[in-house]
Amino acid sequence: MPELPEVETIRSGLEPIVGVEIRDCRVRRRDVVRDQWLDNSVHRRGPIEPGSLLVGASVVRLERKGKQLALIGSNGRVIVIQLGMSGQVGLTSATKIPNAKHVHIVWILRNGQRMFFRDTRRFGGIVLYRTLKAHEHAWSRLGPDALNISTKDLQRALSRTQRAIKVALLDQHLLAGVGNIYADESLFDAGINPFCISDALEHKQVVRLAGSIRKILARAIKARGSTLRDYRDTDAQPGSAQLEHMVYARAGQPCLVCGTTLRSTRMAQRITCWCPRCQPACTEQESE
DNA sequence: CGACCCCTGCGC
DNA sequence: GCGCAGGGGTCG
């Protein structure tokens with residue numbers, strides 16, 4: 001579910017926990033936790049050191065890269081939260097967490113607040129790093145963050161692949177943060193056909209696409225993310241960016257700019273929507 | 001690189 | 001009952 005705008009909304013919603021001591025943590029489902037030891041081995045079962053969950057410590061900093069969220073601990077440990085398709089992070093002052101089904105992890109803070117991780121489908125989870133360095137190393141494998149992507153960095157990323165631009169935008173190793181919704185929305189905004197070959201885009205198109213990605217993501221953050229079904233912010237409130245979607249999930253409906261019927265197809269196992277008129281094929285490579 | 005899997009719930 | 005859903009890891 002959550003792409004960069006949703007994760008950024010959650011990151012800002014968690015600011016109140018910075019500096020607050022974490023008194024306890026309860027892991028209800030061990031298998032959503034990946035525990036990386038000092039020897040780099042990763043464990044999905046077995047006991048977890050409370051300190052790795054930041055128990056007895058506090059969060060000194062919240063960081064986001066792409067769709068991932070890192071809680072930097074005062075004890076040198078790092079928790080990275082990956083939301084997958086249905087993951088949520090909530091903050092509540094209630095002792096009893098509302099809608100507790102699928103809540104897999106609960107942190108209890110010294111001020112009485114509770115932070116929790118809920119994930120119906122369990123595609124998401126948390127990763128525990130013993131050192132800041134191990135965490136940074138993992139993040140170094142992600143492409144540059146999409147929110148403030150420069151033309152130059154986008155150009156560099158896209159020149160590394162001959163796959164269709166839509167598929168490339170979804171590859172977090174090339175560019176971090178864009179998912180299925182905002183890939184389609186950015187391509188529409190830039191007037192680029194999803195089948196265009198990444199490393200064959202004209203410079204002008206790359207300039208335009210970088211601008212569209214920044215604009216679409218920033219606008220979605222202002223709207224506090226897109227809620228199609230599961231996404232909620234840390235206060236359990238839905239976002240409203242879905243009201244601004246021009247193409248995503250609108251196949252068969254008229255383009256809001258030119259009225260042409262929007263088309264859709266599957267690319268990289270994901271539905272892709274575009275306007276055949278506003279996003280003309282780059283050459284003759286458009287399939288179907 | 002693409003194919004396939006992980007999992008639950010919802011709408012048709 | 002089936003197909004589909006914002007993601008991503010692993011396999012061949």
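Only heavy atoms go into these numbers, but all of them, side chains included; no hydrogens, no water, no symmetry mates. In the text below, chain A, chain B and the rest are named by the order of the sequence lines, each starting its count at 1.
Taking each heavy atom of A:Lys65 and A:Trp139 in turn, the nearest pair found is NZ-O, 3.2 Å. Scanning all heavy atoms of the two residues, the minimum distance from A:Tyr129 to A:Val80 falls at CE1-CG2, 3.6 Å.
Of all nucleotides present, only B:dG11 satisfies the Watson-Crick or G-U wobble test against C:dC2, with each distance under 3.5 Å. Within the shown strands, B:dC4 is the pairing partner of C:dG9 under the Watson-Crick or G-U definition, both distances less than 3.5 Å.
In terms of position along DNA chain C, the nucleotide closest to A:Arg266 lies nearer the 5' end than the nucleotide closest to the other residue of the pair A:Arg266 and A:His173. Each of A:Leu174 and A:Arg122 was matched to the nucleotide of DNA chain B holding its nearest heavy atom; the match closer to the 5' end belongs to A:Leu174. DNA chain B is contacted by both A:Thr120 and A:Asp171; A:Asp171 maps to the nucleotide lying nearer its 5′ end (nearest heavy atom per residue).
Here the CG-CZ distance, from A:Asp35 to A:Arg45, works out to 14.0 Å after rounding to the nearest 0.5 Å. With rounding to the nearest 0.5 Å, the separation of CD1 in A:Ile79 from CD1 in A:Ile72 is 10.0 Å.
Nearest nucleotide to the side chain of A:Phe123, out of B:dT8, C:dG6, B:dC6: B:dC6. The listed nucleotides are C:dG9, B:dC7, C:dG6; the one nearest the side chain of A:Gln82 is C:dG9. When distances run from any side-chain atom of A:His102 to the nucleotides B:dC4, B:dG9, C:dG8, the shortest one goes to B:dG9. Of the candidate nucleotides B:dG9, C:dG6, B:dG2, C:dG6 has the atom lying nearest to any side-chain atom of A:Glu3. Closest to the side chain of A:Tyr231, from the set B:dC4, C:dG6, B:dG9, is C:dG6.
Separating the CD atom of A:Gln172 from the C1' atom of B:dC1 is a distance of 17 Å, rounded to the nearest angstrom. The separation between A:Ile81 atom CD1 and C:dG8 atom P is 14 Å, rounded to whole Å. Protein atom CG of A:Asp31 is 15 Å distant from nucleotide atom C1' of C:dG9, rounded to whole Å.
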